[in-house]
Amino acid sequence: MQQDPDLIARSANELVGDLNPQQAEAVQYRGPALLIGAGAGSGKTRVLTRRIAYILSQFGAWPSQILAITFTNKAAAEMRERLAALIGPVAERMWVSTFHSACVRILRRDGKSIGLDPGFSIYDTADCERLVKLIAADLNIDVKRYTPRAILSRISDYKNNLEGWQDKLREQAPDYRPGQRGYQIGNPGNAEALYAVVYAEYQHRLAAANAVDFDDLIGRTVELLRRDPAVADYYRHKFRYILVDEYQDTNHAQYVLVRELAGVDAAKGAPVPADMPYAGREGQAWITVVGDSDQSIYAFRGADIRNIQDFEQDFPNAKTIMLEQNYRSTQTILDAANAVISNNEGRKPKKLWTALGKGEPIVGYAADNAQQEAAWIAGEIARLHGEEAIAYSDMAVMYRANAQSRSLEEALINAGLPYQLVGGTRFYERREIKDAIAYLQAIVNPADDVNMRRILNVPKRGLGARAEAIVVGYADMNAIPFYAAVERLDSIEGVPTRTANQLRAFRDLMDGLRKFAADPANRPSDIVAEVLSKSGLLDELRKSEDPQDASRVENLSQLQSVAAEFEQNTPDATLAGFLETTALVADSDQLPGEGEDSGKVTLMTLHTAKGLEYPVVFLTGMEQGTFPHSRAMEDASELSEERRLAYVGITRAKRRLYVTRAAVRAQWGQANEMMPSQFLDEIPSDLIDWKRREAGVERMRANWSNGGFDDDEFGGWGDDDFGGTTYGGSTYGSSYGSSESASGSSYGSGTRRFGAGAGSRSRGGSAGGSRSGSAGSNGRSGYGSRSYGSSGSSYGYGSGSGSSSRSGRVTTRRVAPKTGGSASSAAPGAPRDNGLNIADFHVGDRITHDMYGLGTVVDTLDKGAKSVITVDFGSAGTKRLMLNRAPIEKL
DNA sequence: ATCTGACCCCTTTTT
DNA sequence: GGGGTCAGAT
C-alpha cells in the first residue's frame, strides 16, 4: 500500500479503540452495502468520519475514490473539518458535499451531452414561480384555480419520481408541442393534462434558458448517467466508496442517483462476493448509508422513508448495524422521546439508552397566550443564564412554523436577551438581493430569460409591460432568447422611439457589465460593486424615503462582503462559482460551526434543528393545530411525520427540556383557543414538572366543579364566581368526551387524558393523586383548535358572563367577527391592565414574574391604579413594579 | 408607465 | 398581519 504524503495514516486501534462495539463494527465493516441505523445522538458523524479514515488507512483507498454526501453545506464543512483533523490535508481531495452541490459539479463538467452549458443557471423557488406564471399567462391558465405553487409542487413530484415530461405528455396531452406559440389550454376539466402541458413547457423553457431547478440537479444528473455511458463509466470508476448521511430523507431520484453512481445495476450479472476485503477498481462501488427512520421529516418534499426501510432488499449482501447508545441526552429526555415515538405504527422497535443518568425532569408550562408563553421563556432563559451560568448559546428555542418566531423575538428583545434567528426569509430571497443576483445571473447567462426579464425594468427605467411584450413577441417569432431580441431591437417593427431609446440604454448597460465581468482582472466582488452602481439599484434605494430601503442598502453592501469573503476562501473565484454558492445555501448554513460561540440564544424551526444539539431546549407551541400542525392532523401518515418531528425536537436536548404551550394563539388575526398537543400527552406524566399546568382560561373552566385539584397550585380561583352552569356541560364535555369530566376529576387531576384513541395510551395518574383511567373513545374529535368567532363550536359562555373574572386577569369572551380591527386586542391577549389589587399584596408574599421569576414582596405602595410594589427577586435583583402592568402572579 | 388603495388569499416544514 | 393583484387615477 503506497502512502500518500498528505495522509496521516491511522492504525485500526486509533480509529476504533474508543468506540462502542457497534460503532467499531460499523467503522470496520467490509462489504458492498452497509446501513448504519443511527438513533439520535448515537455518534453517527463520528462513525462516519472514522469509517472514511478507516477506508483510507486500512482499505488502502485513495481520497479521490470517496464520495460523501450530507444534507447541508454546513454538515459537509463540518465533516471535512473533522476529517482534516483526523487524517490531514488529504481530506481536501475528497468529495464531501450535499447531493445538490455534487450534482452541480457533475453537470458543470459533463452536462454538455444532455444539452447543458457549463454556465447554466440554477433557479430557486421564486425564479421557478416566475417562470410558471409566465407560462400560465401564455397558455391562458387561471392561476386562481391552478396556482403556480400547486403546479410547481406537482412538477416537483414528477421530478422526484423521475417521471419525464415526455411520458407525461404522451399520456395526457399528446398533441402538445413544447414551445409552440398561441396554444390556449385554458382551464380544462382534465387537470392532469394541464399539468403535463405546463411541465413540458416549463422544461422546454428551462432548457432554452440554459437553466435548471433544484429537482433537476438530481434528475438531470441521473439522466446524464443513464444517457451517456462514458460519463457513467467515469464516475463509477472514480467513486469506489459512497457514503450517504441522513439517508431517511432521500427521495426516489436521489436513491436512483446513488445506485447509478455506484453502478449497482450495471454490475448485476457479476455479483460482488460478500467477503472481498475492499471495493477494488471494478464493479459496484461500496455504499454506506446512515440514517434513522424515526427522524424522517421531509416526506412533504418527496423523501421516501422506504429507501431506508427497504435497504436490505434493495442492495445485494446488505448489512445493517444499529447504534442505540445515546451519548447526548439524559435518560429522562430519552424516555420521553421513546414514549412519544412508540405511538407510531409500523416502525421497527428501537430503544435509545444512555449512561448519562436520569437528569432533571422535563419542565412544562401552560401560558394564556403566545405572548405570555414567550415572556415566560425569556424569563426562564434570563434565570438560567443568571442563576445557573448557562451560556446563551447553549439554549435554543424551537417551533413548528416560522410564523411563531415573532412573539418569541419580541419577548427576547423586551428582556434584552441576545438571540439569533435561523431561517425565515433568507438573505438571498430578499427582494433587493434577488434583483442584484438577477443582474449577475443575466451577465453570466444571457439566455436566462427569467432573470433578464426581471431586471428589464428594475430599477424603473420606463420599460414596462408594453415594451416587454414587444420584445417577447419578436423573440418568440424568431425562437431566440429575450436578450438576443433586445440586441436586435433595430430590426423590430413598431417600437416607439422612446421605448427604443430605453431599450438601447438597457442593452448598452448589459453589454458594459458583461465586458466588465469578462475581464479576468475583475473579481466577483468588483463585479458586484459595478452592477450595484451602474444598474442604478443603489441610487434608487438611496434616494428613496421608505425607511425599509435603508436596510436594503445595507443588505446590498453585505452582498458585496459575501462576494469578497468568497474570493478569500476560493482560489480562482469566478462569478459563476459565487452564484452557485448563493443558490445552494440552506438555513442551517448560517449557524456557527462547532466550537464557535455565538453568545446568543438560537431560534429556529424544528426542521432546521435536525442534526443539532443544545444543553437546553425549549419546545414551544405544543398545541393541537400548531404542533401537530392542523394540516397534518387528519392524515395518519402525516401525523406520524409530525410525531417524528416531535421526536427530533425532544432529542435535540442534552440536559434540560422545556415544553410550553399557549391556551390561546392568534393566527392571522384570529384568536383561537388551542387544545394541548397530543404529544404532551404521550410523554409519561411523571417525567414532566409542570410549573403551570393550566392556563387561566382553563382553570376558570375547570373550576365549576372544583373537584380534585390542588388549591395551592390554583390559588385564588377557589371561589366559584361562575357557578356550575355556565361552563358545564355539553360543549366542554363533548370535546373531552368523557364521563369523567362530568365528575370533575379528569381535568383537575394530575394526568389528563383526552380520550383513548389509537395513539394515546392510558397511564395511571399519579402526580395529581387521583386516578384517571381511560377516558372513553371519542378518538380524535376532541382535539383541535377552536375559533372564537365561529358559531357552533365555541364554548358555552353566555354573553353576560363573558366579562372577566374577579381578578380580571384573563378575559375570555367571544370576539365579534372582525369588523373594526380591534378584534385581536379584545381577545384574551396580553391585557394592558392585569386587574391585580394592591390590597391583596402584603410584605412577605411570594409572587412570580414572567421575566424575573420567583420573588418576595418587600414593599407596597397604594396609589390606586398606579400602585407600585417592590419585589426582591434574589439574583435578579430588587425591582419596583407597576402592579397593574407587571406580568406577575401571586402564589 | 406608474402610483395608490382596495381587496384577496393565505402559511407548515426546505435542499 | 402581510404580500400580491387588480382597477382606477394621474
Side-chain angles (χ1 to χ4, degrees), chain A residues 69-76 97-104 122-126 128-130 133 137 143-145 147-150 152-153 156 159-160 212-218 246 249-251 253-254 296-303 398-407 422-426 428-429 431 456-457 459-469 496 498-499 502 548 583-589 604-610 621 625-633 635 638-639 641-642 644-646 648-649 666-671 818 821 823-825:
Chain A
I69 305 278
T70 61
F71 231 63
T72 63
N73 297 306
K74 176 170 175 275
S97 71
T98 64
F99 269 112
H100 295 270
S101 2
C103 287
V104 170
I122 302 168
Y123 279 6
D124 69 8
T125 319
C128 296
E129 223 165 280
R130 268 182 110 84
K133 280 180 189 163
V143 289
K144 290 259 152 63
R145 190 161 161 206
T147 65
R149 282 173 131 244
L152 273 173
S153 126
S156 179
K159 292 185 176 182
N160 287 335
V212 296
D213 64 19
F214 284 144
D215 297 322
D216 276 344
L217 288 174
I218 314 294
E246 308 282 15
D249 286 327
T250 52
N251 61 35
Q254 290 165 330
S296 164
I297 55 173
Y298 284 105
F300 71 93
R301 207 173 71 194
M398 300 173 190
Y399 37 83
R400 177 64 178 79
N402 280 120
Q404 288 165 252
S405 68
R406 196 184 193 93
S407 50
V422 184
T425 351
R426 278 184 232 157
Y428 293 108
E429 283 168 7
R431 182 169 55 90
L456 179 68
N457 199 29
K460 301 255 180 295
R461 50 172 75 92
L463 291 170
R466 186 144 202 130
E468 188 179 350
R498 220 183 129 77
T499 304
Q502 308 281 33
Q548 278 201 312
L584 298 176
V585 287
D587 281 342
S588 55
D589 295 338
M604 66 194 141
T605 65
L606 287 158
H607 282 88
T608 305
K610 195 182 68 163
T626 305
F627 186 35
H629 193 272
S630 54
R631 295 265 301 254
M633 278 168 43
D635 182 282
E638 286 181 69
L639 184 59
E641 178 144 319
E642 295 289 301
R644 290 192 292 270
L645 196 53
V648 166
Q667 22 200 25
W668 51 99
Q670 270 262 324
K818 226 161 79 172
S824 57
S825 61

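Here is the naming used below: chain letters follow the sequence lines, and residue numbers restart at 1 for every chain.
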_Thr626(A) and Gln404(A): CA distance, side-chain angles, deciding distance, side chain to side chain contact (heavy atoms under 4.5 Å, CB included) verdict_ = CA-CA 9 Å; Thr626(A) 305; Gln404(A) 288 165 252; 3.5 Å; yes
Taking OP1 and OP2 of [N], is either one under 4.0 Å from a side-chain nitrogen or oxygen of [X]?
{"X": "Thr72(A)", "N": "dT15(B)", "result": "no"}
{"X": "Arg149(A)", "N": "dC10(B)", "result": "no"}
{"X": "Thr125(A)", "N": "dT14(B)", "result": "no"}

Please work out if [X] contacts a base, only the sugar-phosphate, or nothing of the nucleic acid, heavy-atom cut-off 4.0 Å.
{"X": "Lys133(A)", "value": "sugar-phosphate"}
{"X": "Thr147(A)", "value": "nothing"}
{"X": "Glu638(A)", "value": "base"}
{"X": "Tyr298(A)", "value": "sugar-phosphate"}
{"X": "Asn402(A)", "value": "sugar-phosphate"}

Report yes or no: does [X] contribute a side-chain atom to a donor-acceptor pair with the main-chain N or O of [Y] at less than 3.5 Å?
{"X": "Asn73(A)", "Y": "Leu584(A)", "result": "yes"}
{"X": "Glu129(A)", "Y": "Arg149(A)", "result": "no"}
{"X": "Asn457(A)", "Y": "Leu463(A)", "result": "yes"}
{"X": "Asp249(A)", "Y": "Ile297(A)", "result": "yes"}
{"X": "Asp124(A)", "Y": "Ala583(A)", "result": "no"}

*Where do Gln254(A) and Ile69(A) land on the side chain to side chain contact (heavy atoms under 4.5 Å, CB included) test, with the steps shown first?*
CA-CA 11 Å; Gln254(A) 290 165 330; Ile69(A) 305 278; over 6 Å; no
*Audit row: Thr605(A), Tyr399(A), side chain to side chain contact (heavy atoms under 4.5 Å, CB included) steps and yes/no*: CA-CA 5 Å; Thr605(A) 65; Tyr399(A) 37 83; 3.8 Å; yes
Please enumerate all protein N or O atoms sitting under 3.5 Å from an N or O of nucleotides 7-10 of chain C, with distances to 0.1 Å.
none

*Taking it one step at a time, do Phe99(A) and Thr250(A) satisfy side chain to side chain contact (heavy atoms under 4.5 Å, CB included)?*
CA-CA 9 Å; Phe99(A) 269 112; Thr250(A) 52; 3.7 Å; yes
Pull out every protein N or O sitting under 3.5 Å from an N or O of nucleotides 1-5 of chain B, one pair per line with the distance.
from, atom 1, to, atom 2, distance (Å)
dA1(B), OP1, Gly464(A), N, 2.9
dT2(B), OP1, Gly462(A), N, 3.3
dT2(B), OP2, Asn457(A), ND2, 3.0

Atom-pair distance ([atom1] on [X]; [atom2] on [N]), nearest Å:
{"X": "Met604(A)", "N": "dT13(B)", "atom1": "CE", "atom2": "C1'", "value": "14 Å"}
{"X": "Asn160(A)", "N": "dT14(B)", "atom1": "CG", "atom2": "C1'", "value": "12 Å"}
{"X": "Lys159(A)", "N": "dT15(B)", "atom1": "NZ", "atom2": "C1'", "value": "14 Å"}
{"X": "Leu152(A)", "N": "dT14(B)", "atom1": "CG", "atom2": "P", "value": "17 Å"}
{"X": "Gln404(A)", "N": "dT11(B)", "atom1": "CD", "atom2": "C1'", "value": "11 Å"}
{"X": "Glu246(A)", "N": "dT13(B)", "atom1": "CD", "atom2": "C1'", "value": "15 Å"}
{"X": "Arg631(A)", "N": "dT11(B)", "atom1": "CZ", "atom2": "C1'", "value": "8 Å"}
{"X": "Gln254(A)", "N": "dT14(B)", "atom1": "CD", "atom2": "P", "value": "16 Å"}

*Taking the six-membered ring for Trp, does Phe300(A) stack with dT13(B) (centroid gap under 5.5 Å, planes within less than 30°)?*
yes
_ring pair (Phe, Tyr, Trp, His ring centres under 6.0 Å) between His607(A) and Phe300(A), intermediate numbers included_ = CA-CA 12 Å; His607(A) 282 88; Phe300(A) 71 93; 5.6 Å; yes
*So which one's nearest nucleotide on DNA chain B is more toward 5', Arg301(A) or Lys144(A)?*
Lys144(A)
*Cation-aromatic face contact Lys610(A)/Phe71(A), 6.0 Å, 45 degrees*: yes
*What distance, rounded to whole Å, do you find between the two C1' atoms, one in dT13(B) and one in dG4(C)?*
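dT13(B) and dG4(C) have their C1' atoms separated by 23 Å.
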*Rounded distance in Å between the C1' positions of dC6(C) and dT11(B)*: 22 Å
*Of the candidate nucleotides dG2(C), dT11(B), dT14(B), which contains the atom at the shortest distance from the side chain of Arg406(A)?*
dG2(C)
*Consecutive Watson-Crick or G-U pairs in runs of at least 3, all under 3.5 Å, in which DNA chain C is involved*: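 In DNA chain C, stems of three or more pairs: B:1-9 with C:2-10.
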_Closest non-hydrogen atom pair, Met633(A) against Gly625(A)_ = SD-N, 3.3 Å
